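Structure record follows, encoded as structure tokens.
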Amino acid sequence: MLDLRKIQENKEKITELLARKGYSADFDPILKADEERRKFLGEAEKLKAERNKVSASIPALKKEGKPVDGIFAEMRTLGEKIAELDEKAKAAENKAYELLSVMPNVPDEDLLAGEKENNKVIKVFGKMPEFDFPLKNHVDLCTDLKLIDYARGTKLSGGGFWIYRGQGARLEWALLNFFISEHLKDGYEFILPPHQLGYNCGFGAGQFPKFSDEVYWLDVAEDRTKNRFMLPTAETALVNMYAGEILDESSLPLKFFAYTPCYRKEAGSYRAEERGMIRGHQFNKVEMVQYAHPEKSREAFEELVGKACSLMEKLGLHFRLSKLAAGDCSASMARTYDIEVYIPSMGIYKEVSSVSNANDYQARRNNTRFKNLKTGKTEFVHTLNGSGLATSRVFPAIIEQFQNKDGSVTIPKVLRPFMGGETVLKP
RNA sequence: GGAAAGGUAUCGAAGUGGUUGUAACGAGCCGCACUCGAAAUGCGGUUGUCGGUAUCCCCGGCACAUGGGUUCGAAUCCCAUCCUUUCCGCCA
């Protein structure tokens with residue numbers, strides 16, 4: 001949610017920043033509705049003040065035995081006028097809110113305008129793997145090594161689902177446990193949230209109403225706002241934990257991570273080259289979230305980026321870090337860096353982590369605040385999130401980047417303790 | 001799913017149609033006093049939000065789970081919804 005006051009003060013600037021996201025904003029209907037709201041509100045409040053004054057004098061009048069019936073009749077008419085003005089003010093407010101709630105977040109000023117093509121690679125990690133033998137893709141490797149059962153996954157649930165089996169399940173679990181152990185070392189609190197969330201969570205995270213068709217709904221109620229959906233990322237849960245609450249300033253930053261599967265329709269995004277587990281309807285992810293003091297949120301962002309990179313480095317993978325252009329950041333986010341791992345068989349880099357700062361956009365939507373002791377005011381916190389990490393791209397990257405001539409795959413050192421000391425995946 | 005009780009501020013909790021949302025009382029927190037210092041004690045302060053060209057005070061509106069209703073007037077009465085606790089039922 002954008003700040004209406006900032007729009008009033010700085011309409012041109014915000015319009016320009018949103019244009020970098022490819023969004024053409026028209027604030028005039030919102031500002032007009034808000035002006036209307038204030039007009040009606042002012043009129044209603046004047047009448048209410050009068051009513052309150054009269055009401056307060058009633059007991060005294062009664063005590064003195066003076067007649068009050070005439071006053072009551074007058075007040076009844078006044079009450080009707082008030083109700084009418086209240087209704088008008090409410091209607092104007094709802095209109096402004098509705099228009100405002102579908103607007104995306106403004107990007108940070110240092111972001112380039114435009115889409116993907118303007119993303120900038122900031123840093124490349126590790127060496128591009130080289131193979132002196134014909135390399136296999138991860139689908140073949142996973143099948144030959146009996147790590148993933150694609151065919152039977154489809155049998156159970158249709159396209160976009162697979163089954164981790166034996167050593168494959170173990171590798172997946174080892175990855176998750178490795179991530180968890182690293183986050184625990186950094187002092188983040190481990191969260192296991194519900195996987196079914198209410199509409200308010202989707203709204204608060206800024207994913208609804210726009211993207212409400214891209215999640216799986218549990219059809220227990222006709223009205224979506226009373227229904228639950230399967231979470232598309234743990235962010236949707238973590239970012240709403242303190243909705244409506246006022247946090248202690250001294251408790252900031254709050255640092256969490258959660259493991260959940262992520263359930264997504266990914267409608268229409270299937271492409272032939274994305275075979276195997278690159279894009280599924282259900283994938284495992286460990287998600288990091290911070291609630292930060294507005295003055296410290298840039299620091300928090302760097303910390304999350306650093307953590308995601310460090311996980312990848314410890315796995316020994318070749319990957320790169322990109323700063324996204326304004327138009328490639330999702331609607332809720334003011335700033336996003338992607339970590340992309342190299343998939344040798346595809347010859348391209350695929351996202352394994354997306355680290356974002358929503359600034360106060362999400363906090364405004366779900367009303368998460370803290371008391372600023374310096375100013376004595378309540379302010380919105382900044383929320384940040386980042387994958388740390390999603391396994392569905394890391395797993396294939398490991399399988400492909402660490403494959404050997406004999407068809408085996410070398411297990412990264414940091415994962416071995418979580419796999420009973422095994423060093424190689426062999427057929 | 002059935003029954004009962006309940007939802008008031010940072011927390012516990014009182015208030016069950018009137019002049020009082022800082023809303024008794026207690027705790028917490030902040031300040032001051034006492035003290036070498038601390039504890040104890042005493043005094044004072046301590047909700048959020050919207051609006052009034054109003055980041056200092058000021059004036060006004062609103063908020064006692066949420067949404068409606070009754071009334072001149074609602075934390076208080078009525079209806080609906082949500083949630084919590086306890087008991088019972090169900091439980092791959």
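Order of the sequence lines sets the chain letters (A, B, ...), proteins ahead of strands, with each chain counted from 1. If you're wondering where the values come from, they're calculated on a predicted model, not measured in any experiment.
Across all strands shown, U10(B) pairs with A27(B); the Watson-Crick or G-U wobble distances both stay below 3.5 Å. Pairing for U55(B) is absent, judged as Watson-Crick or G-U wobble with the two contacts each under 3.5 Å. Pairing partner, U41(B): A33(B), with both Watson-Crick or wobble hydrogen-bond distances short of 3.5 Å. The partner of G48(B) is C62(B), by the rule that a Watson-Crick or G-U pair needs both atom distances under 3.5 Å. Checking A3(B) for Watson-Crick or G-U wobble geometry (two distances, each under 3.5 Å) identifies U86(B) as its partner. Pair assignment for U71(B) gives none, since no Watson-Crick or G-U wobble pairing has each distance under 3.5 Å. U16(B) makes up no base pair with any nucleotide shown, lacking Watson-Crick or G-U wobble contacts both under 3.5 Å.
Rounded to a whole angstrom, the distance from the C1' atom of A4(B) to that of G15(B) is 23 Å. Nucleotides U71(B) and A14(B), compared at atom C1', are 26 Å apart to the nearest Å. Between C72(B) and U55(B), the two P atoms lie 39 Å apart (nearest whole Å). For the C1' atoms, the distance linking C34(B) with G48(B) amounts to 36 Å, nearest Å. Across G89(B) and G2(B), the matching P atoms stand 15 Å from one another, rounded to whole Å. U76(B) and G26(B): their C1' atoms are spaced 23 Å apart (whole Å). Distance noted for atom C1' between U66(B) and C59(B): 30 Å (whole Å). Taking atom C1' on both A80(B) and C62(B), the two are 23 Å apart, rounded to the nearest angstrom.
Between the side chains of Q167(A) and E172(A), no donor N or O sits under 3.5 Å from an acceptor N or O.
If you measure from atom CG of L4(A) to atom P of U49(B), you get 16 Å, rounded to the nearest angstrom. For the pair K39(A) NZ and G60(B) C1', the interatomic distance rounds to 20 Å; values are reported in whole Å. The distance from atom NZ of K46(A) to atom C1' of G60(B) is 11 Å, rounded to the nearest whole Å. When the P atom of G60(B) is taken as reference, atom NZ of K53(A) falls 8 Å away, rounded to whole Å. Nucleotide C72(B) holds its C1' atom 5 Å from the CZ atom of F72(A), rounded to whole Å. Atom CZ of R51(A) and atom P of U71(B) are 13 Å apart (whole Å). Atom CZ in F370(A) sits about 17 Å away from atom C1' in U10(B), given to the nearest Å. N52(A) places its CG atom 18 Å from the P atom of U71(B), with the value rounded to the nearest Å.
Nearest to the side-chain atoms of S55(A) among the listed nucleotides G73(B), C62(B), G60(B) stands G73(B). Comparing G51(B), G48(B), G61(B) by their closest approach to the side chain of R5(A) singles out G51(B). The side chain of T378(A) lies closest to U49(B) when the candidates are G51(B), U49(B), G73(B).
Considering every non-hydrogen atom in both F257(A) and H183(A), the closest pair reads CD2-CB, 3.4 Å.
Base orientation of U20(B): anti (glycosidic angle beyond 90° from 0).
Across all strands shown, I58(A) has heavy atoms under 4.0 Å from base atoms, whether or not it also approaches the sugar-phosphate.
In this model, the phosphate group of G51(B) is approached by a side-chain N or O of R37(A) to a distance below 4.0 Å at OP1 or OP2. Listed pair R38(A) / G51(B) fails the phosphate criterion, with no side-chain N or O lying under 4.0 Å from OP1 or OP2.
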Please evaluate residues V341(A) and M312(A) with respect to the criterion side chain to side chain contact (heavy atoms under 4.5 Å, CB included), reporting the C-alpha separation (whole Å), side-chain torsions for both, the decisive distance (0.1 Å), and the verdict. CA-CA 9 Å; V341(A) 71; M312(A) 291 295 284; 3.6 Å; yes
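Map D34(A) and A56(A) each onto its nearest nucleotide of RNA chain B; the residue landing nearer the 5' end is A56(A). Where S57(A) and R369(A) each meet RNA chain B at their nearest nucleotide, the meeting point lying more 5' is that of S57(A).
With hydrogens and angles disregarded, no donor-acceptor distance shorter than 3.5 Å links the side chain of R165(A) to the backbone of K146(A).
Using cut-offs of 30° and 60° on the angle between ring planes, the pair F161(A) and H281(A) is tilted.
Judged by the 6.0 Å distance and 45° axis criteria, K307(A) is positioned over the aromatic ring of Y188(A). In this structure, R228(A) is not positioned above the aromatic face of Y199(A) in the sense of NZ or CZ being under 6.0 Å from the six-membered ring centre and within 45° of the axis.
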